[in-house]
2 protein chains.
Amino acid sequence: MLTDVNDILKKNQLSVTDSRKSILDLFIHSNGALAHADIEKQTGEKFDRVTVYRTLQVFMEKGIIHTIPTSDNSIRYALCKDDCTGGHHHDNHVHFICKICGLTSCLDSVTVPEVRLPVGFRPLEKQMIVTGICEGCQ
Amino acid sequence: MLTDVNDILKKNQLSVTDSRKSILDLFIHSNGALAHADIEKQTGEKFDRVTVYRTLQVFMEKGIIHTIPTSDNSIRYALCKDDCTGGHHHDNHVHFICKICGLTSCLDSVTVPEVRLPVGFRPLEKQMIVTGICEGCQ
DNA sequence: ATGCTAATGCAACGAAGTTGCAAAAATGTG
DNA sequence: CACATTTTTGCAACTTCGTTGCATTAGCAT
């Protein structure tokens with residue numbers, strides 16, 4: 001896995017800018033998913049709100065990050081630990097949300113189990129969200 | 001399953017009002033989940049935005065409807081086909097979102113499969129979202 | 001029918017996200 | 001390294017979404 005932000009940006013044909021480097025760095029050094037608000041706080045409001053939105057959008061398009069569905073209204077973004085170049089890697093692992101600390105993480109080691117759908121429903125992608133208590137909050 | 005809106009409201013110790021009757025009726029006669037905007041449109045803006053929000057909130061508290069997690073920012077609410085009095089019924093079935101028509105439905109007949117988590121993660125609830133193509137859009 | 005309780009509508013507010021545009025930074029080329 | 005071109009950023013304004021307080025209205029029990 002690439003951990004150098006410059007390499008990742010160049011590999012994805014993106015201009016290397018301060019905001020992109022900082023935000024990507026944040027994802028790499030965070031062990032959970034990040035909401036837009038987290039990013040704004042953690043970058044110390046160094047960048048404009050709009051820039052953060054647009055950066056996340058670009059990262060999404062390039063497949064660097066993906067969204068995690070949550071029951072409340074908050075979109076959370078996560079960088080996959082494994083190489084995401086396959087495009088649909090995020091459909092094959094389970095997302096875990098801790099009820100206590102709110103940590104949202106990708107359980108890369110767990111594969112989403114198969115499910116049988118009723119006749120007529122053709123599945124393309126599947127996502128699984130498990131809520132519970134994480135390692136640190138036991 | 002109760003289909004009379006008055007009965008459902010009374011059973012849940014709720015005052016029977018026009019807005020609650022209309023909105024509950026909408027859920028019963030809709031085959032998919034509804035977003036707040038859908039409800040506003042389909043009731044013909046007869047009720048105040050605030051009333052719709054509060055009605056949904058009350059229905060949530062009473063367990064009449066539940067939210068469906070989605071990757072985009074839209075909260076969708078759904079009434080379960082089966083009796084929801086158990087409280088956590090919605091954690092045991094699969095949600096299906098059609099990529100073409102956007103239909104969001106509860107596949108009541110499909111049970112969420114078990115999944116093994118890494119040591120240290122204690123699961124409490126699990127949800128599964130399958131995206132694909134629905135019966136009508138084949 | 002009456003009084004009490006609960007729900008509604010209005011207004012105002014705050015948060016979240018988007019768009020257009022000029023200024024600034026990054027990139028490629030000589 | 002300097003230049004022209006392209007891309008990105010920041011600002012301002014705006015829309016949409018959701019919430020709160022309060023007076024008015026509607027529902028409910030007696």
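Sequence lines set the chain letters: A, B, ... in the order given, protein chains first and strands last, and positions in each chain run from 1.
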Output the rounded distance in Å from CG (D48(A)) to C1' (dT8(D)). 12 Å
Using the ring of each side chain (for Trp, its six-membered ring), is H36(B) parallel, tilted or perpendicular to Y53(B), with breaks at 30° and 60°? parallel
Side-chain contact, heavy-atom cut-off 4.5 Å: L9(B) with F59(B)? yes
Please find the pair of heavy atoms, one from P113(B) and one from M128(B), that lie closest to each other, and give the distance. CD-SD, 3.8 Å
Partner set under side chain to side chain contact (heavy atoms under 4.5 Å, CB included) for D18(B), not counting sequence neighbours: K21(B), F47(B)
Taken to the nearest whole Å, CD1/I39(B) to C1'/dT16(D) is 16 Å
Length of the line joining Q13(B):CD and dG27(D):C1', which is rounded to integer Å: 16 Å
Sequence neighbours excluded, the answer for side chain to side chain contact (heavy atoms under 4.5 Å, CB included) partners of Q42(A) is L26(A), L34(A), D38(A)
Partners passing side chain to side chain donor-acceptor pair (under 3.5 Å) against T55(B) (at least two apart in sequence or in another chain): none
So for the helix from dA1(C)-dT30(D) to dG30(C)-dC1(D), with five pairs setting each end axis, what is the inter-axis angle to 10°? 40°
Let me check something: do V115(A) and I129(A) share a hydrophobic cluster, defined by ILVMFWY side-chain heavy atoms less than 4.5 Å apart, either directly or through other members? no
I need the minimum non-hydrogen distance between M60(A) and H66(A), along with the two atoms involved. SD-CA, 3.9 Å
Give me, pair by pair, the N or O atoms of the protein and of nucleotides 18-26 of chain D that are less than 3.5 Å apart, along with how far apart they are.
residue	atom	partner	partner atom	Å
dG18(D)	OP2	Y53(B)	OH	2.8
dG18(D)	O5'	Y53(B)	OH	3.4
dG18(D)	N7	R49(B)	NH1	2.9
dG18(D)	N7	R49(B)	NH2	3.3
dG18(D)	O6	R49(B)	NH2	3.0

Hey, where on DNA chain C does chain B first and last touch, going 5' to 3'? Cut-off is any atom under 4.0 Å from a heavy atom. dA6(C) to dG17(C)
Is the closest side-chain heavy-atom distance between T17(B) and T51(B) below 4.5 Å? no
Mind calculating the distance between NZ (K41(B)) and P (dT16(D)) to the nearest angstrom? 11 Å
Any non-hydrogen side-chain atom of F96(B) less than 4.5 Å from a side-chain atom of L103(B)? no
For dT8(D), does either OP1 or OP2 sit under 4.0 Å from a side-chain N or O belonging to T55(A)? no
Would you mind telling me which residue lines up with the more 5' stretch of DNA chain D, T51(A) or E40(B), judged by nearest nucleotide? T51(A)
Could you check how far CG of N12(B) sits from C1' of dG27(D), rounded to whole Å? 17 Å
In this structure, how many angstroms lie between the C1' atom of dT8(D) and the CG atom of L56(A), rounded? 15 Å
Taking CD in Q138(A) as the centre, count heavy atoms belonging to other residues, nucleotides or ligands within less than 6.0 Å. Is the count above 12? yes
